[in-house]
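Worksheet: one structure, shown below.
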Amino acid sequence: MKKFLKHISYGLLIFVLINLLIVLKYELPAYEAIKNKTHKNYLKWNSIHNNTNKYDLIILGSSRAYTSLNPKVIDSGLNIKSFNMGTSSQDITESFYTLKEVLNHQNPKYIVLETFLGSCDDFVNYYQVYSNASFFKSSEHKYELVVNGYGSKGIVNYLIPLMKFNNYMKQDVISIFSKSNTKAPKKNWYKGFHYDTTVVSKRDINSFKPIPSFKNKNFNKDRFKSYFDKIYELTKAHGIQLIVLRTPYPPSRLLLDSNTDENSYYQKFFSNYKDVGYYDLNSYKPDVFNFKDEDFSDFHHANGKGAEKISKQLVDIIRTQQLN
């Protein structure tokens, strides 16, 4: 019995040490970035928390949102003040709790929600979710996100670094065996928007895979409906106009598969919400907003040039709404 307990104690000690090493490897740089005031989520939430009721339009969504929608273009086109609160891997559940936190400090006229099948699939990037939520001022919102939003898996990933950083550890192992000589592109941030000068390479274009569809994504329709309904009710209660966008993909990637089930699903789904505008920017006024592969930095993120077109699409959408 003593020998068994000894083995258990050693195993527990090793487990604790592994998790401490993981914290040093992956969380220490984040702490340094916060200290140096270069952490992007920290800076975004500082703008929301310290500029009470300043922003007329708030953007929510994943990296597809924060690389696509430029507040400088939006503000100029609509004569308003906007802010991009898109965060890496933000899914529909996280968007809801982010919105709750935002509305504690802002009173926007518009909420723009970016969505795609990856916003509610089986994969949850808990590190990015909790990095975003760590800057909530409301402890209640943090608790609700972890416990109510993600349940037992959320709690385990919150408590155990080995679980939370599992995907990043795999990426680091893969990177050991792959070499990249690509020159680092010029990047900067403006009001939460990520400006990138990268242009997707011909080699990457040739290796594109078909866009997300129900054939290659396990989209959770029940979770999506549950949390979109929460977002809808919250915006409605605050008198906010909710606009949902499906941001564009590189044209070469769209041509790989004729399947349109993602957009068809969204069109049918959002038709049940008469006061919600849903727009697929892949096909919104293509004669005016003509996308090229060169408007993207990779297989699904816009670069600065593409973001200008996408932002002008949003300006056009809101102007059209105002006229009707």
Side-chain angles (χ1 to χ4, degrees), residues 60-68 86-96 113-129 149-151 153-154 157 166-168 170-171 174 178 200-229 231-232 244-273 276-284 286 289-303 306 310 313:
L60 301 176
S62 68
S63 57
R64 284 170 55 80
Y66 73 60
T67 58
S68 293
T87 55
S88 296
S89 301
Q90 186 180 124
D91 70 3
I92 191 71
T93 304
E94 185 184 355
S95 292
F96 168 65
L113 175 67
E114 171 268 329
T115 189
F116 75 121
L117 294 188
S119 68
C120 199
D121 60 7
D122 289 342
F123 173 73
V124 176
N125 189 330
Y126 287 104
Y127 169 65
Q128 294 295 349
V129 171
Y150 297 101
K153 285 186 178 180
N157 278 272
N166 181 47
N167 187 56
Y168 290 90
K170 289 178 182 177
Q171 291 177 7
I174 292 171
S178 63
V200 65
S201 68
K202 294 292 184 183
R203 183 185 65 181
D204 288 340
I205 291 171
N206 292 333
S207 64
F208 279 164
K209 295 180 181 179
I211 63 170
S213 70
F214 293 126
K215 294 187 299 184
N216 54 36
K217 280 284 183 183
N218 293 319
F219 184 75
N220 189 326
K221 294 181 180 180
D222 290 337
R223 180 161 75 95
F224 184 82
K225 184 179 187 321
S226 173
Y227 278 93
F228 181 78
D229 283 347
I231 291 171
Y232 172 71
V244 182
L245 303 179
R246 179 179 181 239
T247 54
Y249 292 96
S252 292
R253 194 175 177 206
L254 288 171
L255 292 173
L256 294 175
D257 194 335
S258 61
N259 192 308
T260 61
D261 61 357
E262 180 180 11
N263 184 42
S264 297
Y265 168 77
Y266 286 138
Q267 284 184 331
K268 183 178 179 181
F269 178 86
F270 291 115
S271 68
N272 295 313
Y273 303 84
V276 172
Y278 164 70
Y279 302 88
D280 182 356
L281 301 187
N282 291 284
S283 56
Y284 181 80
F289 306 103
N290 182 26
F291 289 101
K292 301 176 181 179
D293 289 336
E294 291 77 15
D295 293 324
F296 297 84
S297 62
D298 59 21
F299 63 97
H300 74 158
H301 293 108
N303 57 29
I310 296 166
Q313 284 181 306

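What you see is a predicted model, and the numbers here were worked out from it, not measured in a lab. Side-chain atoms are counted along with the backbone in the values below, which use heavy atoms only and exclude waters and symmetry mates.
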**Message:** Would you say Tyr278 and Asn263 are linked by a side-chain donor-acceptor pair, where the criterion is simply a distance under 3.5 Å?
**Reply:** yes
**Message:** So which atom in Ser68 and which in Ala302 form the shortest heavy-atom distance, rounded to 0.1 Å?
**Reply:** OG-CB, 3.9 Å
**Request:** Return yes if some donor-acceptor pair links the side-chain N/O of Asp295 with the main-chain N/O of Phe291 below 3.5 Å, else return no.
**Result:** no
**With Phe208 via ring-ring contact (aromatic ring centres under 6.0 Å, His included) - residues at least two apart** = none
**Request:** Name all residues meeting the side-chain hydrogen bond (donor to acceptor under 3.5 Å, both in side chains) criterion together with Asp222; count only those two or more places apart in sequence or in a different chain, and write none if there are none.
**Result:** none
**Asked** Partners of Tyr273 by ring-ring contact (aromatic ring centres under 6.0 Å, His included), sequence neighbours excluded?
**Response** Phe228, Tyr232, Phe269
**Message:** Quick check for you: to the nearest 0.5 Å, what is the distance between Tyr227 atom OH and Asn220 atom CG?
**Reply:** 11.0 Å
**Request:** Return yes if a side-chain donor-acceptor contact under 3.5 Å exists between Asn218 and Asp121, otherwise no.
**Result:** no
**Item:** Minimum side-chain heavy-atom gap Phe299-Arg253 below 4.5 Å
**Value:** yes
**Asked** Okay, side chain of Asp261, backbone of Ser213: is any donor-acceptor separation there less than 3.5 Å?
**Response** no
**Request:** Please step through side chain to side chain contact (heavy atoms under 4.5 Å, CB included) for the pair Tyr265 and Phe270, ending with a clear verdict.
**Result:** CA-CA 9 Å; Tyr265 168 77; Phe270 291 115; over 6 Å; no
**Item:** Carboxylate-amine/guanidinium contact Asp91 Arg223, below 4.0 Å
**Value:** yes
**Prompt:** With no hydrogens and no angle check, do the side chains of Thr115 and Ser119 hold a donor and an acceptor under 3.5 Å apart?
**Reply:** yes
**Asked** What distance separates Ile211 CD1 from Asn259 CG, expressed to the nearest 0.5 Å?
**Response** 7.5 Å
**Prompt:** Any idea which heavy atoms bring Pro250 and Asp293 closest together, and the distance?
**Reply:** CB-OD1, 3.5 Å
**Message:** Minimum heavy-atom separation for Ser95 and Leu60, please, with both atom names.
**Reply:** O-CD1, 3.8 Å
**Message:** Is the ring pair Phe224/Phe219 parallel, tilted or perpendicular, if the boundaries are 30 and 60 degrees?
**Reply:** tilted
**Message:** Check whether Phe214 forms a cation-pi arrangement with Lys221 (NZ or CZ under 6.0 Å from the six-membered ring centre, at most 45° off the ring normal).
**Reply:** yes
**Message:** With a 4.0 Å cut-off on N to O distance, would you call Asp257 and Lys215 a salt bridge?
**Reply:** yes
**Request:** Decide side chain to side chain contact (heavy atoms under 4.5 Å, CB included) for Glu262 and Lys217; before the verdict, give the C-alpha distance in whole Å, the side-chain angles of both, and the deciding distance to 0.1 Å.
**Result:** CA-CA 10 Å; Glu262 180 180 11; Lys217 280 284 183 183; over 6 Å; no
**Request:** Output yes when a side-chain donor or acceptor of Asp204 lies under 3.5 Å from a complementary backbone atom of Val200, and no otherwise.
**Result:** no
**Prompt:** For Gly61, does its backbone N or O pair with a side-chain atom of Gln90 as donor and acceptor, under 3.5 Å?
**Reply:** yes
**Asked** Among all residues two or more places apart in sequence or in another chain, which pass the salt bridge (Lys or Arg N to Asp or Glu O under 4.0 Å) test with Asp280?
**Response** Arg246
**Asked** How far does OG of Ser297 sit from CG of Asn303, to the nearest 0.5 angstrom?
**Response** 6.0 Å
**Message:** Working to the nearest 0.5 angstrom, can you tell me the gap between Thr67 OG1 and His301 NE2?
**Reply:** 5.0 Å
**Prompt:** For Tyr249, does its backbone N or O pair with a side-chain atom of Asn282 as donor and acceptor, under 3.5 Å?
**Reply:** yes
**Prompt:** What residues form a side-chain contact (heavy atoms from CB on, under 4.5 Å) with Ser88, not counting sequence neighbours?
**Reply:** Tyr66, Gln128
**Request:** Please test Val129 against Tyr150 for side chain to side chain contact (heavy atoms under 4.5 Å, CB included), starting from the C-alpha separation and ending with a verdict.
**Result:** CA-CA 10 Å; Val129 171; Tyr150 297 101; 3.8 Å; yes
**Item:** side-chain hydrogen bond (donor to acceptor under 3.5 Å, both in side chains) assessment of Gln267 paired with Ser264
**Value:** CA-CA 5 Å; Gln267 284 184 331; Ser264 297; 5.0 Å; no
**Request:** Begin with the C-alpha distance, continue with both residues' side-chain angles, and end with the deciding distance and a verdict on side chain to side chain contact (heavy atoms under 4.5 Å, CB included) for Leu113 and Ile231.
**Result:** CA-CA 9 Å; Leu113 175 67; Ile231 291 171; 4.2 Å; yes
**Message:** Checking Glu114 now: which residues fulfil salt bridge (Lys or Arg N to Asp or Glu O under 4.0 Å) with it, not counting sequence neighbours?
**Reply:** Arg64
**Message:** So, taking the atom named CZ in Phe296 and the one named OG in Ser252, what distance separates them when rounded to the nearest 0.5 Å?
**Reply:** 10.0 Å
**Item:** Nearest-0.5 Å distance, OH of residue Tyr266 to OG of residue Ser271
**Value:** 14.5 Å
